[in-house]
Undergrad: 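This is the structure I have questions about; it appears just below.
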Amino acid sequence: MREHDRLFIGGGWTAPAGTGVIDVVSPHTEEVVGRVPDGTEADMDHAVRAARLAFDHGPWPRMTPAERAEILGRLSTIYAERQQEMADLITEEMGSPILFSIFGQAALPQMVLQYYADLAVDHTWEEERPGMLGPVTVTREPVGVVAAIYPWNVPQFTLMLKLAPALVAGCTVVAKPSPEAPLDAYLLAEWAREAGVPDGVLNFVPAGREVGAYLVSHPGVDKVAFTGSTAAGRSIGEACGRLLRPATLELGGKSAAIILEDADLGTTIEGFKMAALMNNGEACAAQTRILAPRSRYAEIADALGEMVSALAVGDPADYATEIGPLVARRQQDRVENYIRIGQDEGAKIIAGGLNRPHDRGWYVAPTVFADVTNDMRIAREEIFGPVLALIPYDTEDDAVRIANDSDYGLGGSVWTADVPHGVEVARRIRTGSCGVNLYVLDPNTPFGGYKDSGLGRELGPEGLTAYLEHKAIPRPS
């Protein structure tokens, strides 16, 4: 039982303003495994004041980028040494299979942190330009106090996409973990203090949606960074629009994996274990629409159904587990409801279905639907679970059309024996990223979406730019 009765604000552990608590329930055992304070608006006021004070009067934004990078490098070193502790904790609180947690929930966030610590040294923070009317100094300055609101599915990764570039830029941060997965924030807070991050630069207030909305509109906040549902992203975008407040929004997805005629089937199907079913399917960029050429449709359906049926479903702490439980009972209900919807729409279940793999825990059988058309709800709406839709296509142009016929535009992939041709097909897909024979997020490259998948980019130099203001200082020649 991991029990916390304080909030991390202003560089220390402070008593919350209210008496409410958040129970963290194991998706595997359905038992309470942790408890943290349920943050209130008063707590957010306290956290924003601390961040505001640290930005307006503290040392952090006045340090050189190299000085900030040194501190973040120390934090990265601590993180690297203790990744297993972070992976174990996130597996316990939200059900991610431990082998995925080791990479996606711990190693990858640490890589992002180290990437931005390194980038701080090489980034162009100031330059001289020969203006048309005289010389101009162009400088990059931190945007200010950042509200970072992030979800439960990959909590450290989605936080680090915001936190690392914001801190490198010289911003201060108020972070709101989700109620389902707040425990890992406490671990990171301790590491940040140990690394020497100054007081008030990083503050954590676990809370629900209403308090998160209060933070978004708080007058002491200068920028909002959010990862979550498209519906919530719209509300945040509307609020930030009224306030003329910059926002980065990484939202939902319904990504398509296009299998070309010449693809090696064994390699492709094995690749879908990560590309389509990573983190129990609870991933915004999961390739849950599988587009197969009609000439190979039956062959692909058989291979995909066999692979999914053979997946090890069980205790997420077991290294043999490939699919763990979903994060909450409501998520289990949501995914099972989509399975019913698929059946009602006329799609055919070729693996999985509504028979739960275990009596205890919020498990759903990994499921594959065949005979899916792209107008079905299971092909258009984000399910956020281990449910795949296999859609036939006739020609390559037809596959591109189907892939682009979506309200979303976050990820995608092309599977082929001809990698250069796969790159050409990937160029035609209207998404923020599209892999060839894999799907990964590289810290050095931008990540974000077209259409309903969001606004702005995280990762890469583009992710740092999102936390900087550009100032021009012209002067006489």
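Note that this is a predicted model, so its numbers are computed, not measured.
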Undergrad: Grab the two heavy atoms, one from A351 and one from G305, that are nearest each other, plus how far apart they are.
TA: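 So the two residues come closest at CB-O, 3.7 Å.
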
Undergrad: Is it true that the side chains of T431 and Y408 contain a donor and an acceptor less than 3.5 Å apart?
TA: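 No, no side-chain donor-acceptor pair sits under 3.5 Å.
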
Undergrad: Could you measure the distance from the CD atom of E382 to the OG1 atom of T288? Nearest 0.5 Å is fine.
TA: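 Between E382 CD and T288 OG1, I get 7.5 Å after rounding to 0.5 Å.
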
Undergrad: Taking NZ, NE, NH1 and NH2 as the nitrogens, is one of them in E93 or R2 under 4.0 Å from a carboxylate oxygen of the other?
TA: no

Undergrad: Taking all atoms of both residues into account, what is the closest heavy-atom pair of R334 and I383, and its distance?
TA: NE-O, 3.3 Å

Undergrad: Taking the side chain as everything from C-beta on, heavy atoms only, tell me whether D442 gets closer than 4.5 Å to F447.
TA: no

Undergrad: Restricting to non-hydrogen atoms, name the atom on D222 and the atom on G144 that form the minimum distance, rounded to 0.1 Å.
TA: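 Looks like OD2-CA, 3.3 Å.
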
Undergrad: Distance from T19 atom OG1 to D5 atom CG, nearest 0.5 Å?
TA: 13.0 Å

Undergrad: Rounded at 0.5 Å granularity, tell me how far OG in S178 sits from CE in M94.
TA: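 Spacing of OG (S178) from CE (M94) equals 9.0 Å.
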
Undergrad: Please set out all donor-acceptor pairs under 3.5 angstrom arising from side-chain atoms of residues 32-48, sequence neighbours excluded.
TA:
| from | atom 1 | to | atom 2 | distance (Å) |
| --- | --- | --- | --- | --- |
| R35 | NE | D23 | OD1 | 2.6 |
| R35 | NH1 | E3 | OE2 | 3.2 |
| R35 | NH2 | D23 | OD1 | 3.3 |
| T40 | OG1 | A42 | N | 3.4 |
| T40 | OG1 | D43 | N | 3.2 |
| T40 | OG1 | D43 | OD2 | 3.0 |
| D43 | OD1 | A17 | N | 2.8 |
| D43 | OD2 | T40 | N | 2.9 |
| D45 | OD1 | Y214 | OH | 2.6 |
| D45 | OD1 | H218 | NE2 | 2.9 |
| D45 | OD2 | Y214 | OH | 3.2 |

Undergrad: Between atom CG of L163 and atom CG of L113, what is the distance when rounded to the nearest 0.5 Å?
TA: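 Rounded to the nearest 0.5 Å, the CG-CG separation comes to 7.5 Å.
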
Undergrad: Would you mind checking if E190 and R82 are paired as a salt bridge, meaning a charged N to carboxylate O distance below 4.0 Å?
TA: no

Undergrad: Between atom CG of N444 and atom OH of Y116, what is the distance when rounded to the nearest 0.5 Å?
TA: 9.0 Å

Undergrad: For the pair W13 and H4, name the ring-plane relationship: parallel under 30°, tilted 30 to 60°, perpendicular over 60°.
TA: parallel

Undergrad: Could you report the tightest heavy-atom contact between R193 and G11, atom names first, then the distance?
TA: CD-O, 3.4 Å

Undergrad: Is the closest side-chain heavy-atom distance between D333 and W362 below 4.5 Å?
TA: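 In short, these two side chains do not touch, never coming nearer than 4.5 Å.
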
Undergrad: Looking at N279, T321, N280, which one forms a side chain to side chain donor-acceptor pair (under 3.5 Å) with S96?
TA: N279

Undergrad: Between K471 and E126, is the salt bridge (charged side-chain N to carboxylate O under 4.0 Å, His left out) condition met? List the steps.
TA: CA-CA 9 Å; K471 177 183 287 183; E126 186 169 294; over 6 Å; no

Undergrad: Walk me through it: do M63 and E70 pass the test side-chain contact (heavy atoms from CB on, under 4.5 Å)?
TA: CA-CA 11 Å; M63 290 180 179; E70 183 180 356; over 6 Å; no

Undergrad: Where do A117 and A69 come nearest, in terms of heavy atoms and distance?
TA: O-CB, 3.3 Å

Undergrad: Test salt bridge (charged side-chain N to carboxylate O under 4.0 Å, His left out) on E238 and R234; report intermediate values, then the result.
TA: CA-CA 6 Å; E238 289 173 2; R234 290 186 192 280; over 6 Å; no

Undergrad: What I want to check is whether the side chains of K162 and T227 have a donor and an acceptor closer together than 3.5 Å.
TA: yes

Undergrad: Looking at every non-hydrogen atom in both residues, tell me the closest pair between G104 and P109 and how far apart they are.
TA: O-CD, 3.6 Å

Undergrad: When rounded to the nearest 0.5 angstrom, what is the spacing between SG in C171 and CG in L202?
TA: 12.5 Å

Undergrad: Are any non-hydrogen side-chain atoms of I341 and M376 less than 4.5 angstrom apart?
TA: no

Undergrad: Between the side chains of S76 and Q110, is a donor N or O closer than 3.5 angstrom to an acceptor N or O?
TA: yes

Undergrad: Taking CZ in R74 as the centre, count heavy atoms belonging to other residues, nucleotides or ligands within less than 6.0 Å. Is the count above 12?
TA: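 Yes - once you tally the heavy atoms of other residues, nucleotides and ligands closer than 6.0 Å, there are more than 12.
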
Undergrad: Can the ring centroids of F384 and W152 be said to lie less than 6.0 angstrom from one another?
TA: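 Ring centres of W152 and F384 closer than 6.0 Å.
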
Undergrad: Could you verify whether a donor N or O on one side chain and an acceptor N or O on the other, from E381 and Y338, lie under 3.5 Å apart?
TA: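 Present: a donor and an acceptor within the cut-off.
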
Undergrad: Are the side chains of L390 and V372 in contact, using a 4.5 Å heavy-atom criterion?
TA: no

Undergrad: Decide if atom CZ of R209 counts as having more than 12 heavy atoms of other residues, nucleotides or ligands within a radius under 6.0 Å.
TA: no

Undergrad: Only one of I149, V154, L188 forms a side chain to side chain contact (heavy atoms under 4.5 Å, CB included) with L159, so which one is it?
TA: L188

